[in-house]
Amino acid sequence: MTTGRGESDTPLCATCGVEAAEPLPEVCPVCEDERQFVPTGGQEWTTVRALSASGRSLAIAEVEPGLHALRTEPRTGIGQTCYLATAPGAVTTASGTGAGASEADSGDSRADATSRRGGLLFDVPPFIDDAAVEAVAARGGVAAIVASHPHMYGLQLEWSRAFDDAPVFVSRIDADWVQRWGPAIRLYDGEAEPVPGIRVRQVGGHFPGSSVGLWRSPVDGGLVLLGSDSISPVARQGWVTFMRSFPNYLPLSARAVRMIASRVADLDVERIQGSFGQRTGSDGARAIAESAERYAEWVSGAYDDRI
Ligand SMILES: [Zn+2]
Ligand SMILES: [Zn+2]
């Protein structure tokens, strides 16, 4: 870990908070997409240094023992809550059968050759500075990084660099959305275990490669699903939703939501954390199954007698 983390000139989109590379496009592709938006005033770019100098900070709160929520304050970019999930053991290595991992296979989810300490950073803040890195290091640090989908890439390579080039796992099917590439990026398909005992699984829907995080509480053994924009707790306890676009309120089809639910149907999900800090406190598996069926029925017209 080195200092000066907030001093890079790395550009990022001010609207979605995704890091970019020079030469910058005229408009951020992530925001131009129908799931996001370009502000009425037009595209705005900022830099890591400008945000760091703006008085922002990373607020960290313990959600439950071993799981921390990370939020940039004041709200920046999409305003997502990111999570630091602590590894079950103190010393960790990335998963897989990666003996002989080399440049040639850096594009898959096989093991990182280095033994790493730390947990999984799931979804990535659009902000970084020395204080933020120190605060995360004090809570065990980062062994691997996974953004659930392109809206949550944030400053993924900046955070990787701050933790000894921790591997950044990206869903291969969504890889065209990556705006800034680096050797830390590992492409994966389906499911990966970036940190032993902590898995990510692609469920699709919001993006084809949208993934959820799967972390088991060391206290009660409950499986916590980090749903991000794929499986999202809503105001009513025990309900979740599924959307193609949250800011633009674009729904998904009945087939899509049933697909998402089916891809986690084998899991004994107890709790669900959302991308804005919202939470399902218990019986998560039932919340997903019932909510998916309700949603599918609504978008299929089953209740059109009520409209
Ligand atoms: Zn953007
Ligand atoms: Zn999203």
Side-chain angles (χ1 to χ4, degrees), residues 10-48 50-51 56 69-72 75-83 121-128 145-158 169-171 173-181 200-213 225-234 240-253 256-257 259-260 263 272-278 295:
T10 297
L12 66 156
C13 172
T15 309
C16 68
V18 170
E19 63 188 4
E22 309 273 5
L24 292 170
E26 215 162 288
V27 177
C28 167
V30 176
C31 287
E32 200 172 26
D33 175 69
E34 68 181 11
R35 281 160 285 203
Q36 258 282 112
F37 59 93
V38 177
T40 48
Q43 176 67 39
E44 285 177 39
W45 301 100
T46 183
T47 64
V48 169
L51 286 181
R56 283 175 166 78
L70 281 52
R71 224 181 42 258
T72 305
R75 184 187 160 125
T76 303
I78 287 171
Q80 69 260 35
T81 297
C82 310
Y83 292 94
L121 178 59
F122 185 82
D123 289 343
V124 189
F127 171 80
I128 192 168
I145 297 171
V146 179
S148 58
H149 67 287
H151 294 150
M152 305 300 174
Y153 288 161
L155 296 177
Q156 57 186 10
L157 288 185
E158 296 287 316
F169 287 73
V170 169
S171 292
I173 197 170
D174 294 336
D176 285 349
W177 291 101
V178 172
Q179 304 298 304
R180 182 182 177 221
W181 285 89
V200 292
R201 180 183 289 189
Q202 294 168 13
V203 297
H206 185 56
F207 276 80
S210 281
S211 68
V212 297
L225 182 141
L226 307 174
S228 193
D229 284 352
S230 298
I231 298 174
S232 184
V234 293
V240 298
T241 198
F242 318 85
M243 299 286 275
R244 175 158 173 85
S245 170
F246 285 89
N248 303 326
Y249 300 103
L250 264 178
L252 288 165
S253 69
V257 297
M259 174 191 76
I260 295 167
R263 288 182 177 176
I272 305 169
Q273 292 292 141
S275 51
F276 294 91
Q278 74 278 35
Y295 189 117

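For ligands, and for the atoms within them, numbers begin at 1 and follow the listed sequence. These numbers come from a predicted model, not from an experiment.
- Arg180 meets the salt bridge (Lys or Arg N to Asp or Glu O under 4.0 Å) test with Glu19, Glu158; sequence neighbours excluded.
- Annotation: ring-ring contact (aromatic ring centres under 6.0 Å, His included) contacts of Tyr295 (sequence neighbours excluded): Phe242.
- Shown here are the protein N/O/S atoms lying under 2.8 Å from the Zn ion (ligand 2), water excluded: His149 NE2, His151 ND1, His206 NE2, Asp229 OD2.
- Because its NZ or CZ atom is not both nearer than 6.0 Å to the ring centre of Phe127 and within 45° of the ring axis, Arg71 does not count as a cation-pi partner of that residue.
- Rounded to 10°, the angle formed at the Zn ion (ligand 1) by Cys31 SG and Cys13 SG is 100°.
- Considering every non-hydrogen atom in both Tyr153 and Val170, the closest pair reads OH-CG1, 3.7 Å.
- You'll find the ring centres of Phe207 and Trp177 inside the 6.0 Å limit.
- For Glu26, there are no side chain to side chain donor-acceptor pair (under 3.5 Å) partners two or more places apart in sequence or in a different chain.
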